[in-house]
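Take a look at the structure set out below.
Whatever order the structure lists ligands and atoms in, that order sets their numbers, starting from 1. A quick note: this is a predicted structure, and the numbers were derived from the prediction, not measured. Side-chain atoms are counted along with the backbone in the values below, which use heavy atoms only and exclude waters and symmetry mates.
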Amino acid sequence: MNNFRFHAYTDIYFGKGQIINLPDILKQFGKRVLLVYGGGSIKKNGIYDKIYELLQDFEITELSGVEPNPRITTVRKGVELCKEKQIDVVLPVGGGSTIDCSKVIAGGAYYEGDPWDLVLDPKKIKKVLPIVTILTLAATGSEMNKNAVISNMDTNEKFGTSSHDFIPQASILDPEYLYTLPAIQTAAGTADIMSHVFENYFKTMTSAFIPDRFAEGILEACIKYCKVALEKPDDYEARANLMWASSMALNGLVGAGNGAAWTCHPIEHELSAYYDVTHGVGLAILTPRWMRYILSEDTVDRFVMYAENVWHLKPQEDKFLMANQAIDLTEKFFKECGIPMTLTEIGIDDSKFDIMAEKAVRYGGLERAYVPLDVQDVKEILRMCL
Ligand code: NZQ
Ligand code: ZN
């Protein structure tokens with residue numbers, strides 16, 4: 001195993017009714033709270049009213065309307081509010097978009113220039129307001145990690161930025177909050193969790209027994225419980241397992257010791273930058289095609305391990321047959337979860353493949369990926385997705 005640093009300090013309040021602790025969590029940081037949320041799901045499912053009931057002693061300022069694939073324009077509004085109202089703590093309530101937007105707002109509150117600078121250059125993030133999250137979608141792991149992904153639709157750019165200080169101080173994870181998710185968000189969120197694992201599991205380092213078993217456990221949980229949650233949206237065990245899988249897949253546990261660049265994520269970020277697609281849908285479409293493209297004599301043993309330990313396929317003499325069966329099962333799983341599995345189905349043709357492939361390689365560092373890819377490789381993978 002390679003050297004690594006693992007420091008996941010988010011205080012997790014997991015389970016039914018944990019929101020009751022919100023006042024005590026927030027009061028460590030101050031009274032002036034910026035409540036950040038998206039298009040209104042938290043009003044429909046009652047979380048919004050509960051927050052107001054609990055926070056009667058606090059001064060709440062609101063920023064609503066955070067978009068899926070959050071925009072820098074919304075971050076700028078939030079930064080202005082923080083400065084004007086002298087906010088003490090930022091409280092995102094929602095999915096990854098709301099949390100990511102809040103992280104850059106929290107950094108922007110202490111920055112004099114345009115917050116887009118903090119997306120382009122994480123070294124400019126010097127100080128960050130405390131962040132406490134209430135998660136309503138199992139997907140990104142943002143509730144327990146240092147990353148934020150922000151879009152600039154004027155320039156067709158979607159970039160990740162990162163700071164240790166972006167890690168939330170505390171996160172409330174109540175699986176019951178997932179009951180109201182639209183089926184496609186449950187499925188896309190699961191595809192995202194699985195992709196976070198795949199990006200780390202498929203690696204050249206072979207001596208990582210513990211991270212590999214963590215990874216396989218998370219993948220199995222996703223495969224088992226996504227279908228249950230889709231059939232019965234209020235199945236607590238299913239939601240609880242998906243919610244914890246979200247946090248565990250991208251808090252450093254699975255990636256510990258793996259230095260390679262990711263592959264499907266940088267390519268998906270280009271799809272979102274140009275077509276505003278749902279992150280997990282883009283990943284589900286790309287993943288099996290990427291797997292088929294990189295399957296070779298050098299990688300087949302990892303795919304056999306995946307086939308045996310995640311899909312429980314019986315060992316066979318023909319390693320490639322086994323690897324292909326596991327990839328087919330991956331694609332079938334996403335399809336059965338109701339995810340559209342071609343770019344054509346989500347309205348994307350090949351007209352921007354050149355620019356998207358070029359940017360994915362340039363910004364994603366794909367020459368350092370598990371299997372290094374150049375622009376032609378990425379274009380071929382995109383063509384396989386049509
Ligand atoms: O806006 P509202 O009305 O809340 O509706 C949201 C939104 O439309 C809805 N939703 C969320 N919880 C709900 C609910 N609807 C009903 N009931 C609930 N309980 O779901 C829709 C999607 O929400 P969003 O936050 O966009 O989804 P997700 O959590 O998948 O976040 C996606 C964003 O995170 C980035 C993605 O690129 C994308 O921008 N990522 C962030 C990462 C990180 N911070 O580490 C890593 C990821 O790889 C990813 O790139
Ligand atoms: Zn992701």
In the protein, N/O/S atoms that are found under 2.8 Å from the Zn ion (ligand 2), waters not counted: Asp192 OD1, His196 NE2, His265 NE2, His279 NE2

Under 3.5 Å: donor-acceptor pair, side chain of Asn324, backbone of Phe320: yes

Indicate yes or no for a side-chain donor-acceptor contact from Asp377 to the backbone of Asp374 under 3.5 Å, with no hydrogens or angles considered. yes

Are His7 and Tyr9, when compared by the centres of their aromatic rings, separated by less than 6.0 Å? yes

Is the terminal nitrogen or CZ of Lys31 (NZ for Lys, CZ for Arg) located under 6.0 angstrom from the six-membered ring centre of Phe58 and within 45° of that ring's axis? yes

Lys43: partners by side-chain contact (heavy atoms from CB on, under 4.5 Å), with sequence neighbours left out: Tyr37, Tyr48

Charged N to carboxylate O below 4.0 Å: is that the case for Asp350 and Arg383? no

So if you build clusters from Ile, Leu, Val, Met, Phe, Trp, Tyr with side-chain heavy-atom gaps below 4.5 Å, do Val277 and Leu386 land together? yes

Would you mind writing out the side-chain donor-acceptor pairs for residues 121-130 within the sub-3.5 Å range, not counting sequence neighbours?
residue: Asp121; atom: OD1; partner: Lys123; partner atom: N; Å: 3.1
residue: Lys126; atom: NZ; partner: Lys123; partner atom: O; Å: 3.1

Close-range residues for ligand 1, whose non-hydrogen atoms fall below the 4.0 Å threshold: Gly38, Gly39, Gly40, Ser41, Asn45, Pro68, Asn69, Pro70, Gly95, Gly96, Ser97, Asp100, Thr136, Leu137, Ala139, Thr140, Ser142, Asn145, Asn147, Val149, Lys158, Tyr177, Thr180, Leu181, Pro182, Gln185, Asp192, His196, Leu250, His265, His269, His279

With distance as the sole criterion, is a donor-acceptor pair present between the side chains of Glu143 and Ser246 under 3.5 Å? yes

